Each structure stands twice: as structure tokens, then as C-alpha cells.
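What you are looking at is a predicted structure, and each value in this text was computed from that prediction instead of being measured. Numbering of residues begins at 1 and proceeds along the displayed sequence. Reckoned from all heavy atoms, side chains included, excluding hydrogens, waters and symmetry mates.
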Amino acid sequence: MREGFHDDLKRLSELLATMCDLAATAIRQATEALLNADLRVAEQVIAADADLDAHRARCEEDAYSLLALQAPVAGDLRQVLAVVYCAERIERMGDLAAHVADSARYAHPDHAVPAELNPTFLRMGELTAGMAEGVATQIRTGAGGSYRDLREADEAVDALHAELLSGMTGAGWGHGHGEAVAAALATRFYERFADQTVSVAKRLEFANTGDLPG
């Protein structure tokens, strides 16, 4: 019975890793839509968000079944509860990617953010997609130390977020209020995506070690 339980837990973990892959793809494609004013890609990201929602529902259903049927304790219990916690946050990452895509869709055929901000948004997209992929690797390999690496990436995203906000509120801003609001909202979505990713990595590390990283 315990062998079957651990097989089920492995399947749950793989489902969680797949959610991270989907979130990484979503934020990468959302960035493409944002920078290229690509309506087709934006709508693709928004439509694909339903897949992440379905994955989260399956994760929760399977995790609750394990809790009810197997009554896990100690480390096994941490692992199952981590799946429920992380699935919710990864689904939120997908929502945030969809918000970025929706910004592109709303502005179409115009660009949602001024062209001179493209390099910064591109970098934020690369960082956040890489963070989601890093969590997927952490889940599949059980490697430790991922939380520290992701914290560093999160700090880089925070710095870019602050840089963009400073530029939009400074005297050198050459665009209107509407452009500033759109860019501020978009950068906030990336910042929150990164925060959710770190939260997932932190909970996974606690599930694996029993120690909550600081």
C-alpha cells in the first residue's frame, strides 16, 4: 500500500511540474505578445489558461484522495499538502501571464508599452520563465538549493520593476498617463509572477527537508 502511495505521489509531483512548464510557456508567450502587439499569441495564452485551471483541479482532487485514503504523516503529509499549496500558486502564475497577454490584446493594434521599454520587459519575461522552469526541475529532481537561486532571480525582477516605475514617474517620461498606467500594470504582473514562483520553491523545500527556508 505504501509503495502505491508513493507512486501516486510521484504522479502528483509530475503533474505539478507540468503546471510549471505550462506557466513558463505562458509567460514567455505573453511577453512575445506584449512586445510584438501579437493578438493571435495573446489570445492563445488567454485560452491556454484553462489548461492550468484544469491541472490545478486535478492536483487538488488527487491530493485530497490521498489524504482521505492513506492518512499520510510526517514527510509524506508535507508532500501532499505542498501539492495543494503549490498548485494554487502555479495556477495564479498562469493567471498573471494571461493578464500580460490581455494587456497586449486590449491595446491591439497598438503596442501596450512604449518600444524603449521592450528590453526591460524582455528581460523580465526571460527571468520569470526561467524561474518557473527552475521550479519544474526542482520538482522532478528533488534538488536542494533552488529556493536560494530563485530568490536571487526574484530580486533581479524586483529591481527591474523598480527601475520601470522610477522611469515612468520621473521627469523624463515622454508618454502619457495611459501609457504609464499600462506599463505599470504589466510590470506588476511580472513581479507578482516571480513572487509566486519563490513561494512555490519555498514550500517545496520545506516539504522535502522539514525546514522552512528564511
Side-chain angles (χ1 to χ4, degrees), residues 12-34 42 45-46 48-60 63 78-104 120-141 143-162 164-165 183-208 212-214:
L12 264 180
S13 295
E14 180 55 34
L15 188 57
L16 205 62
T18 298
M19 289 183 68
C20 289
D21 292 336
L22 291 172
T25 297
I27 196 66
R28 185 171 281 114
Q29 291 180 336
T31 303
E32 177 187 346
L34 185 73
V45 173
I46 294 165
D49 188 50
D51 290 340
L52 264 175
D53 294 345
H55 277 67
R56 176 199 172 180
R58 181 180 168 191
C59 273
E60 291 184 342
R78 289 198 308 270
Q79 293 281 349
V80 176
L81 293 179
V83 168
V84 177
Y85 178 93
C86 294
E88 178 184 357
R89 276 145 188 80
I90 299 168
E91 187 221 359
R92 179 59 181 155
M93 288 157 60
D95 292 341
L96 291 161
H99 291 337
V100 173
D102 195 50
S103 297
T120 305
F121 275 101
L122 178 61
R123 180 58 180 152
M124 293 180 79
E126 291 171 345
L127 282 167
T128 49
M131 291 173 73
E133 290 166 347
V135 174
T137 299
Q138 179 185 1
I139 294 169
R140 290 186 171 113
T141 65
S146 298
Y147 171 70
R148 291 191 300 274
D149 294 339
L150 289 169
R151 277 293 301 271
E152 292 178 4
D154 181 48
E155 289 170 2
V157 173
D158 288 344
L160 291 170
H161 173 63
L164 282 169
L165 291 182
L185 282 174
T187 187
R188 176 63 173 166
F189 297 145
Y190 286 98
E191 190 265 340
R192 290 299 301 146
F193 186 106
D195 285 349
Q196 295 293 339
T197 310
V198 169
S199 181
V200 170
K202 185 174 185 178
R203 182 55 60 98
L204 289 171
E205 195 150 318
F206 170 69
N208 289 333
L212 193 64

**Asked** What's the spacing between Arg203 CZ and Gln79 CD if we round to 0.5 Å?
**Response** 12.0 Å
**Prompt:** Got a second to check how far Leu150's CG is from Leu204's CG, nearest 0.5 Å?
**Reply:** 10.0 Å
**Prompt:** Considering all heavy atoms of both residues, which atom of Val83 and which atom of Leu16 are nearest to each other, and what is their separation?
**Reply:** O-CD1, 3.9 Å
**Prompt:** Do Arg123 and Glu126 have side-chain heavy atoms sitting under 4.5 Å apart?
**Reply:** yes
**Item:** Shortest non-hydrogen contact from Cys59 toward Met19
**Value:** SG-SD, 4.0 Å
**Request:** Please report the C-alpha distance between Lys202 and Glu205 in whole Å, then the side-chain angles of each, then the deciding distance to 0.1 Å, and finally whether the salt bridge (Lys or Arg N to Asp or Glu O under 4.0 Å) criterion is met.
**Result:** CA-CA 5 Å; Lys202 185 174 185 178; Glu205 195 150 318; over 6 Å; no
**Complete:** What one should report as the nearest heavy-atom pair of Phe189 and Ser103 is CE1-OG, 3.8 Å
**Request:** Could you pull out the closest heavy-atom pair between Asp21 and Ala136, with the gap in Å?
**Result:** OD1-CB, 3.5 Å
**Prompt:** Is there a side-chain contact between Met131 and Val135, using heavy atoms and a 4.5 Å cut-off?
**Reply:** no
**Prompt:** Of all heavy-atom pairs between Arg28 and Ala129, which one has the smallest distance, and what is that distance?
**Reply:** NH2-CB, 3.3 Å
**Prompt:** So, does Thr31 use its side chain to make a donor-acceptor pair with the main chain of Ile27 at under 3.5 Å?
**Reply:** yes
**Asked** Hey, what do you get for OG1 (Thr128) to CG (Asp195), rounding to the nearest 0.5 Å?
**Response** 11.5 Å
**Prompt:** Can you tell me how far CG of Leu164 sits from CZ of Arg188, rounded to the nearest 0.5 angstrom?
**Reply:** 13.5 Å
**Asked** Roughly how far, to the nearest 0.5 Å, is CG of Asp154 from NE2 of His161?
**Response** 11.0 Å
**Item:** Residue pair Thr18 / Arg140, side-chain heavy-atom distance below 4.5 Å
**Value:** yes
**Complete:** Output for pair (Gln196 CD, Asp95 CG), nearest 0.5 Å, gives 9.5 Å
**Prompt:** Do Asp53 and Arg56 meet the salt-bridge criterion of a basic N to acidic O distance under 4.0 Å?
**Reply:** no
**Request:** Could you pull out the closest heavy-atom pair between Thr187 and Phe121, with the gap in Å?
**Result:** N-CE2, 3.6 Å
